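Each remark here refers to the structure printed beneath this line.
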Amino acid sequence: MILIKNGRVMDPKTGFDQIGDVVLNDGKIWSVGEKTQGEFEQVIDAKGCIVAPGLIDVHVHFRDPGFTYKEDMITGSQAAAAGGFTTVVCMANTNPVVDNVDTLKEILERAKAMPIRVLQASAVSKGLKGKELVDFRSMKEAGAAGFTDDGIPLMDAGMLKKAMEMAKECDLPISLHEEDPAFIDAPGVNQGEVSKKLGYGGASALAEDVMVARDVMIAMETGAAVDIQHISSGNSVDLVRFARAHGADVAAEASPHHFSLTEEAVLEHGTLARMNPPLRTEWDRQKIIEGLKDGTIAMIATDHAPHSKEEKERVLSKAPSGIIGLETALALGITNLVKEGHLTMMELLEKMTINPARFYHLEQGSIEVSKPADLVIFCPDESYVVDGFCSKASNSPFIGAELYGKIKYTICDGKVVFEN
Ligand code: DOR
Ligand code: ZN
């Protein structure tokens, strides 16, 4: 038994918010709130800290198999634990692509040995080529957490409608990377003031908007649970709001970089601020914050996208898109959303625990008796400077930033998997 005492226990599922004790036993929550005495294997004093459900990230790239020079399942899991995450969903753009049962099973078999819960999404199309659908039913049976061709947009609307119908039949979400290449002159940087300054083609917000407009309508028609990934454009936030108001089962993810930074970051951080979809304008950032506030954007997901130093040292046009995010996500939420007065701590936690759990049908995401003992303990008022990562990669524009919200412990399945 582990006793966590004196912490502010916050459960966004039940609304529980009290200073008290939490006892863990045999991988499960044993008691919540009551002052507890007795014999324990470990006692954690959480005074001044928040005790929350382990964080859930439905959008990460662990690059395993195929690109393990960038990250692998072990280092990715360590980065997750260091960031307070106890459940992650890995994207399917690996090599081989996760478009078949054998690859999926091999990953899920190795995942069992990880310190955190590593789930895996299936691709939507064979080889991420957007031409032929995977076998949805057998991927669901083999344990896929959802379906996505993340990294690549699905351009064939007819095929996407079939994919949504299959996802609905499997009762799993389908998540979409929304960028129409017709409006991308060069990826990774917003088409606007900054791209003009740099003489770089850029990717227009229109690329996202036309895809989101199309896909929320197909979602409305099919009734599928659709997750708009890493929403970056203000108009797209409005489109998601419209779809939800009309009964579509559409959720959106905001990534910490899209609510924290704008296109200006490319001038300061170069390739470390290149990602798909790109950082946009302050207007877009404010629209994302507005969407987070009014519930249009239900989830925060990192799009943890590790790349090697060599790759990110290339010139802007040749470097790959993406930044790591697991180890800075909670602190960016606290610093830029909670401390700025946009969200309450409970609202932030909702978007990083129970909302993703509900959308992906996971039993995690709350602190309730007899539920899995997955917890994060962090000090919201303690600041620190970002310097170094557990991830194999360090492609982050937040190195050197001073952030609030230091993680003290991450506990998964009743075991301490990170301590600081
Ligand atoms: O910037 C990105 N990088 N966006 C994506 O959607 C994919 C990711 C990657 O795999 O590197
Ligand atoms: Zn993506």
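For ligands, and for the atoms within them, numbers begin at 1 and follow the listed sequence. Worth saying up front: this structure is predicted, and the values here are computed from it rather than measured.
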Going by side chain to side chain contact (heavy atoms under 4.5 Å, CB included), Lys392 matches just one of Lys70, Arg63, Glu71, Gln78. Which one? Glu71

Under the criterion side chain to side chain contact (heavy atoms under 4.5 Å, CB included), which of Val376, Asn420, Leu55 is the partner of Ile407? Val376

Does the side chain of Asp294 come under 3.5 Å of the side chain of Thr296 through a donor N or O and an acceptor N or O? yes

Any donor-acceptor N or O pair under 3.5 Å, side chains Asp150, His61: yes

Tell me whether Gly322 has any N or O atom under 3.5 angstrom from an N or O of ligand 1. yes

The Zn ion (ligand 2) to His177: nearest N/O/S atom name: ND1

Output the atom name for the N/O/S atom of Asp150 with the smallest distance to the Zn ion (ligand 2). OD1

Side-chain ion pair, Lys168 and Asp249, N-O less than 4.0 Å: no

Taking non-hydrogen atoms only, is Ile323 closer than 4.0 angstrom to ligand 1 via side chain, backbone, both or neither? neither

Salt bridge between Arg137 and Glu169, side-chain N to carboxylate O under 4.0 Å? yes

On a heavy-atom basis, I'd like to know which of Ile152, Asn276, Thr94 is closest to atom 1 (O) of ligand 1. Asn276

State whether the shortest distance between N or O atoms of Ser321 and N or O atoms of ligand 1 falls below 3.5 angstrom. yes

Any atom of ligand 1 sitting under 4.0 Å from a heavy atom of His304? no

Can you find a non-hydrogen atom of His307 under 4.0 Å from ligand 1? yes

Please confirm whether Gln229 comes under 4.0 Å of ligand 1, counting heavy atoms of the residue only. no

To atom 11 (O) of ligand 1, the nearest of Met275, Arg63, Lys70 on a heavy-atom basis is Arg63

Where ligand 1 meets Asn93 - atom numbers and elements under 4.0 angstrom, heavy-atom basis: 10 (O)

Under 30°, 30 to 60°, or over 60°: which ring-plane class applies to His230 and His59, parallel, tilted or perpendicular? tilted

Measure the spacing between CG of Asn355 and CD1 of Ile300 and express it to the nearest 0.5 Å. 9.5 Å

Show which atoms of ligand 1 fall inside a sub-4.0 Å distance from at least one heavy-atom site of His230. 6 (O)

